[in-house]
Amino acid sequence: MKLVIVESPTKAKTIQKFLGKDFEVKSSFGHVRDLPKSKFGIDVEKNFTPEYIIPTKAKKLVSELKKESAKADQTILATDEDREGESIAWHLKEALKLEDPERIVFHEITKPAIEDALNNPRKIDFNLVDAQQARRVLDRIVGYKLSPFLWKKVSKGLSAGRVQSVAVRLVVDKENEIKNFVAQEYWSVEALLKKSGQEFLANLIKKDGKSIDKLEIKNEGEAQQILKELEGADYIVENLEKKETRKYPAPPFTTSTLQQAAWQRYKFSAKQTMALAQKLYEQGFITYHRTDSLNLSEISLQAARGFITKEFGENYASDKPVRYKTKGKGAQEAHEAIRPTEPSRNPGAASGLDARQQKLYTMIWQRFVACQMQPAVFDSVAADIKANHYTFRANGQTLKFNGFLKVYPTKFEEKELPQLVVADNLEFIKLNSLQHFTEPPARYTEASLIKALEKAGVGRPSTYAPTLTTIQARNYVEKNEQKRFMPTEMGTIVNDVLIKNFPEIVDIDFTAKMEEELDGVAEGKNSWQKVTKEFYDPFAKNLEEKYEKVEKANLIKETDKVCPKCGSAIIERMGRFGRFYACSKFPECKYTESIENKNANLGIKCPKCKEGDVVAKKTKRGKIFYGCNRFPKCDFAVWDKPINEFCPKCDSILTEKGKKIKCSNKECDYVKE
C-alpha cells in the first residue's frame, strides 16, 4: 500500500477517486508544525534556528499519520506546488520521521495530472522550503520584536508586520493625498449638430490648430468668451478618419487579477475569492490558484482551440495559440495561469457547485477561453469639424465582429454618427458650456490595493488575501460605505510611528527588495540565514536605540464629562478598536463608556423601543451594523442600513441592500419597486 498525504480532506477525496486500491490518500489538515505562539521561538545566536513544535490540535492527527506511514510501503507527499506546499511537505517529513519520502506536484487535480505526477516523483526542494522558512522567520522577527515596542510606546494589543505595515502605509498615504487635494475648476465646450435628421455631439479640441488642454478653460468667463466668438459660425467637416480598431482579450487570470476581477464584478473580498478558488481547485475544476504566471500548457491551448472552433466556428479561434509572457518580478514560469482543467466543461456543464463557486468558475472559464479567441473589431470614425478658428471632434464607433466578446462580456460603447463627407456644412443646433472640477484620487478598493501591492513588488500570490484580512482585523484600516479602504486613527498613528522610527519596515522599495531576496533563496542563489541576518542585525540595533529615545505617545484627550461612578473627570483614551471614554482615576475606578460618533446617528427613531435613535455601530472586527443607541435596554440591530420608511406588508423598517430597498423582516419578502 502506498500512502499519499495532501493538505485538505476535499483534495484527498478528489485524488482518492483517481487512484486504485493500492493507494490511501490522507489529509494533514494544513500545517503540522509551526513556531510556538507563546514565545519568540528563534535562536538568533544559533544562526536563526527555528524551534518548531507540533500544535496541540495537530498532535492526534500526526500520531495517526505516523501509524499509517509505518504500515505503508511508501509515503508520497502531494502538497501544493508553491513554497508553502513545499514547506508543509518538509514539516510532514520531519514530524512523521520519514526517511526518504517521494514528493509529487501537479498544477491541477485531474486523473492524467495525478498519474503523470506519480510517474515523475522528485525529492523535496529545500530551496523552496528555505524561502518559506525565511519568510516565516522574518515575519516572526518583525511581529515579535516590533509589536511590544508599539505596546509600550503607543497602546496595548497593537501589532506590526512586514507586508501588512506597507499595505497600511499605502492606505494612509492615499488618505493624505486626498486631504491635501485642491480641486481645480475647468470648463468644456460641446456643439450639438445635425445631419440628415440625426443629431450628434462634437467636443471642442483645438483653437487656431493648437490643442486645448483639459484644464485650459479655467472659468465660466473664458467659456462664455469662446461661445461669443462662435456666434454665427458655420460648422464644416474638415477631416474624416475611418479605421478598424481592435479590442484584444485580457490574458488568463493570475491570483491577483482573479482577486481584482472578482471584486469588480461580484464584490467578493480577496479572502472569499481564495476560499472559493480553493474549493474549485480541490474538486478538480480549475488549476492551482496561487500563481503569478501567465503560462498555459500546450494541451490546454489545443483543447481551447478545439472547443472554440467546434462551438463558435473557425473564424472565432485565434490564428495561432496565444502565449502570454509574465511581466511580474519573481514570477514562476513553471507554474500555470488559473484556467479550467477542461475547457470543454462550460459553466452550464459544471455541476455540483454552489452559486458563488459557479460565478467564479464562469469567470475563470470565460477569461481562459476568450484569451484564445479573435479580437473584437470595431468600425471607428473621427470627424474634425471647423467653426471659425476653433476645431471640434465627433467620434463614432460600431461593432463589426464580436470575437472574444461572445464569451467574455466587456463594457464598450457604440455611438453611430450620420454619414459625413469632407466639406459638409452641418446644421447647428446649440452650444453647451459645462463646468467640471478635478477629482481627488480614489481611495483603494480590495482590487486596487492588491494591484498596488503587486505593482510595487510587495507580497506574493499567497500573501495578498491574508494581508488585507489582517490590516482590517487589526483595526488599522476600515471600509467606508462605498467599500473603499480608509485608515483608522490608530492605523495612522502606528504608521507615523513606524515611518519616523523604522522607515525600512514601511518602505515599499525595501520590502520589495526583501521579496526579491526571498525569490533568490527559492532559486538557490541566496542562503536564507544570510538574508535573515542582513535584515536582523541593523533592525535589532535600531530597535534597542528606539526603546531608549522614543517617548510614549500621549493619546489622552481631556473632556468636560464626569464619571457617574466616582465623580472624577472623564478622559478620552485610545484603544486598539478606537477611542473610548474612561475614568481618569483608572485603575482605582474602571468605568468606561463608548463614544458615539456624531455622524453615526441616522436621524431615525428606533422602530422597536420608539425612544432611542438608530446609529451605525461596529463589531469588534470592524464590520458596520445598525442598532439602537439605548443598548442594552433595547436590542434592535440590523446589518443593512435602515431608511425612515416602513414596510406596507408587515410594518417593519425598510433597509438599503445594494441598489435595492427591502424589508428588514427576514420572514417578509417585500422589495420596493
Visitor: How about Glu454 and Ser256: does a side-chain donor come under 3.5 Å of a side-chain acceptor?
Guide: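 Result is yes, a qualifying pair exists.
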
Visitor: Can any side-chain N or O of Thr488 pair as donor or acceptor with the backbone N or O of Tyr476 at less than 3.5 Å?
Guide: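 Yes; at least one donor-acceptor contact below 3.5 Å.
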
Visitor: With a 3.5 Å distance limit and no angle check, can you tell me whether Asp116 reaches the backbone of Pro112 through a side-chain donor-acceptor pair?
Guide: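 A pair under 3.5 Å: no.
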
Visitor: Between Arg103 (side chain only) and Thr79 (backbone N and O only), is there a donor and an acceptor less than 3.5 Å apart?
Guide: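 Checking the backbone N and O of Thr79 against the side chain of Arg103, a donor-acceptor pair under 3.5 Å is found.
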
Visitor: Let me see the working for Glu81 and Arg122 under salt bridge (Lys or Arg N to Asp or Glu O under 4.0 Å), right down to the final yes or no.
Guide: CA-CA 12 Å; Glu81 61 169 344; Arg122 62 168 173 81; over 6 Å; no

Visitor: Quick one: does NZ or CZ of Arg265 land under 6.0 Å from the six-membered ring centre of Tyr408, within 45 degrees of the ring axis?
Guide: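 Positive - Arg265 is close enough to the ring of Tyr408 and near enough to its axis.
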
Visitor: Do the side chain of Ser344 and the main chain of Phe307 share a donor and acceptor less than 3.5 angstrom apart?
Guide: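 Judged by distance alone, no pair lies under 3.5 Å.
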
Visitor: Does the distance from a Lys or Arg side-chain N to an Asp or Glu carboxylate O, for Arg135 and Glu84, drop under 4.0 Å?
Guide: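 Between Glu84 and Arg135 there is no salt bridge, as every charged N stays at least 4.0 Å from the carboxylate O atoms.
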
Visitor: Within the side chain of Ser448, is there an N or O that forms a donor-acceptor pair under 3.5 Å with the backbone of Tyr444?
Guide: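 Not at all, since once roles are kept as given, no pair shorter than 3.5 Å links the two residues.
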
Visitor: Just by modelled atom types, is the Thr254 backbone N or O under 3.5 Å from a matching donor or acceptor in the Thr291 side chain?
Guide: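 Side chain of Thr291 to backbone of Thr254, a donor-acceptor pair under 3.5 Å: no, none is there.
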
Visitor: Considering only heavy atoms from C-beta outward, does the side chain of Gln357 approach that of Phe285 to under 4.5 Å?
Guide: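 A side-chain contact under 4.5 Å is absent here.
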
Visitor: Check Pro375 against Phe401 and note the closest heavy-atom contact, atom names and distance.
Guide: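 That would be O-CD2, 3.8 Å.
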
Visitor: Side-chain contact test, heavy atoms from C-beta onward, threshold under 4.5 Å: evaluate it for Pro409 versus Gln366 and give yes or no.
Guide: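 Touching, per the 4.5 Å side-chain cut-off.
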
Visitor: Between Gln264 and Gln260, is any side-chain donor less than 3.5 angstrom from a side-chain acceptor?
Guide: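 Judged by distance alone, the side chains do not pair up.
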
Visitor: Using a 3.5 Å distance criterion without hydrogens, assess whether the side chain of Lys13 forms a donor-acceptor pair with backbone atoms of Val25.
Guide: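 Not at all, since once roles are kept as given, no pair shorter than 3.5 Å links the two residues.
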
Visitor: Judged by modelled atom types alone, do Ser462 and Arg290 share a side-chain donor-acceptor pair under 3.5 Å?
Guide: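 No, no side-chain donor-acceptor contact under 3.5 Å.
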
Visitor: Between the main-chain N or O of Val171 and the side-chain N or O of Glu175, is there a donor-acceptor pair closer than 3.5 Å?
Guide: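 Checked: no pair found.
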
Visitor: If you measure from the Lys or Arg side-chain nitrogens to the Asp or Glu carboxylate oxygens, is any gap between Lys649 and Glu667 under 4.0 Å?
Guide: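 Glu667 and Lys649: not salt-bridged.
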
Visitor: With respect to Ile643, which candidate in Ile653, Leu602, Ile661 satisfies the side chain to side chain contact (heavy atoms under 4.5 Å, CB included) definition?
Guide: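 Per the side chain to side chain contact (heavy atoms under 4.5 Å, CB included) rule, the option paired with Ile643 is Ile661, out of Ile653, Leu602, Ile661.
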
